2 protein chains.
Amino acid sequence: MFTAEHAIRRYRETRRKITPQRIAVFRALEGNTSHPSAEDLFESVARSVPGISRATVYNTLETLRELGEVREYHFQADFRQFDPNTAPHHHCLCTDCGRVHDVHGGDFGTVRLPAGRLPFRADSFSVTFYGHCDRCGGAKSSRRGRVAAHSHSSHM
Amino acid sequence: MFTAEHAIRRYRETRRKITPQRIAVFRALEGNTSHPSAEDLFESVARSVPGISRATVYNTLETLRELGEVREYHFQADFRQFDPNTAPHHHCLCTDCGRVHDVHGGDFGTVRLPAGRLPFRADSFSVTFYGHCDRCGGAKSSRRGRVAAHSHSSHM
DNA sequence: GACTAATTTATAATAGTTCTAGATTAATGG
DNA sequence: CCATTAATCTAGAACTATTATAAATTAGTC
């Protein structure tokens with residue numbers, strides 16, 4: 001689980017300097033489940049550290065990614081999104097508002113490559129569900145919470 | 001299945017004009033399983049239609065996407081990728097070379113949202129495997145073609 | 001073949017991200 | 001503490017993919 005303290009420890013271990021700017025980025029990420037973009041984080045951090053440069057936010061995110069402390073996703077075409085939760089979980093992307101919800105716990109079933117003759121070695125995988133969140137009209141549709149998608153019936 | 005002929009038909013149905021530039025883009029997509037970017041397609045098409053503008057390629061792709069004839073993916077941060085295969089299938093993204101392989105046929109098991117209380121209505125989903133293709137070292141590792149990933153053991 | 005609205009082209013504009021050079025500062029050791 | 005120095009920070013330019021604009025061209029129709 002990502003915490004500012006943990007990130008500081010990793011920075012010390014790897015002989016990087018601890019600066020107020022970096023700490024502010026760590027704090028902005030701590031417990032953040034909104035899958036923020038670099039710009040989101042810049043705006044949030046700039047409130048506590050006026051004058052911070054975008055480059056610093058970008059650099060810090062890049063370092064955290066290299067250290068494996070955050071994961072980068074490309075849910076949308078126009079910007080990257082960062083997730084301090086590096087534990088396996090799925091995502092729901094609302095195609096109306098762009099918000100991303102985590103899906104954790106529960107039983108996701110098993111996803112596997114077909115047996116035999118695939119010229120690829122997979123290390124990890126990521127599942128993204130596309131649809132509508134409650135705020136955007138998901139609520140007025142039926143089957144809430146009982147959504148099931150099978151490989152033969154959905155875009156994959 | 002996407003063909004230039006089919007795209008032309010859809011264009012006529014929706015009262016759009018058939019131009020040599022558009023036909024060239026259709027042909028570049030026909031049977032294309034490389035998940036090309038707009039720039040890839042521009043370069044390919046420019047060989048048969050010198051002087052074609054990037055804007056034309058972008059516009060044609062956008063129209064095909066609206067018509068549901070191609071699907072757009074965001075495997076990488078820097079550019080969009082297009083797939084004329086709109087049938088459900090998974091993807092393997094090689095984290096070394098960036099190539100994307102389709103995974104079709106076979107049994108992928110079932111992926112489903114956990115029962116109960118999820119504020120989301122999913123219409124479709126997409127599974128991406130991250131790893132290494134044969135050309136980039138996948139071959140020298142074991143378990144080729146027998147890769148299995150479970151929700152509790154992989155990044156999702 | 002002429003008409004007209006759609007399309008194409010070249011180019012400018014935009015957005016997200018990366019690069020650069022000079023100013024600043026964290027960490028270290030006296 | 002203070003000095004040293006390499007790492008870091010900032011502002012702004014540069015870069016890349018994509019979108020918008022306006023004038024020139026052309027597909028489709030009569």
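Note that the structure is predicted; figures quoted are calculated from it, not measured. A note on names: the letters A, B, ... follow the listed sequences, proteins ahead of strands, and every chain is numbered from 1.
- Within the helix from C:dG1-D:dC30 to C:dG30-D:dC1, the inter-axis angle between the opening and closing five-pair segments is 30°, rounded to 10°.
- Side chains of A:H91 and A:D83 form a contact here, defined as non-hydrogen atoms less than 4.5 Å apart.
- In this structure A:R54 satisfies the salt bridge (charged side-chain N to carboxylate O under 4.0 Å, His left out) test together with A:E39, sequence neighbours excluded.
- Residues satisfying the salt bridge (charged side-chain N to carboxylate O under 4.0 Å, His left out) criterion with B:D102, sequence neighbours excluded, are absent altogether.
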Using nucleotides 18-20 of chain D, report all nitrogen or oxygen pairs with the protein that are shorter than 3.5 Å.
residue : atom : partner : partner atom : Å
D:dT18  : OP1  : B:R80   : N            : 2.9
D:dT18  : OP1  : B:R80   : NE           : 3.3
D:dT18  : OP2  : B:Y58   : OH           : 2.7

Taking only nitrogen or oxygen atoms into account, show me every contact under 3.5 Å that the protein makes with nucleotides 27-30 of chain D, one pair per line with its distance.
residue : atom : partner : partner atom : Å
D:dA27  : O3'  : B:I18   : O            : 3.3
D:dA27  : N3   : B:K17   : NZ           : 3.1
D:dG28  : OP1  : B:I18   : N            : 2.9

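- Of all nucleotides in DNA chain C having an atom under 4.0 Å from a heavy atom of chain B, the first and last in 5' to 3' order are C:dA5 to C:dA10.
- Screening residues 86-97 of chain A for salt bridge (Lys or Arg N to Asp or Glu O under 4.0 Å), with sequence neighbours left out, gives no hits.
- Contacts of B:E66 classified as salt bridge (charged side-chain N to carboxylate O under 4.0 Å, His left out), with partners at least two apart in sequence or in another chain: none.
- Atom C1' of nucleotide D:dC9 and atom CG of A:N59 are separated by 9 Å, given to the nearest angstrom.
- Take A:F79 and apply the side-chain contact (heavy atoms from CB on, under 4.5 Å) test, not counting sequence neighbours, and it matches A:S37, A:Q76, A:Q81.
- Counting heavy atoms from C-beta on, the side chains of B:S44 and B:P36 never come closer than 4.5 Å.
- With contacts defined as side-chain heavy-atom distances shorter than 4.5 Å, the pair A:N85/A:T33 does not qualify.
- Partners of A:E5 by side-chain contact (heavy atoms from CB on, under 4.5 Å), not counting sequence neighbours, listed by chain and number: A:T3, A:I8, A:R9.
- Under the rule for a salt bridge (charged side-chain N to carboxylate O under 4.0 Å, His left out), the partners of B:R65 that lie at least two apart in sequence or sit in another chain are B:E62, B:E72.
- A:H6 is not listed as a side-chain neighbour of A:M1, based on a closest heavy-atom distance of 4.5 Å or more.
- For A:D123 and B:H132, the side-chain atoms include at least one donor-acceptor pair closer than 3.5 Å.
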Side-chain donor-acceptor pairs under 3.5 Å in residues 20-31 of chain A, sequence neighbours left out?
residue : atom : partner : partner atom : Å
A:Q21   : OE1  : A:T19   : OG1          : 3.4
A:R22   : NH1  : A:K17   : O            : 2.8
A:E30   : OE2  : A:A4    : N            : 2.8

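- Whole-Å rounding puts the A:H74 NE2 to D:dT16 P distance at 18 Å.
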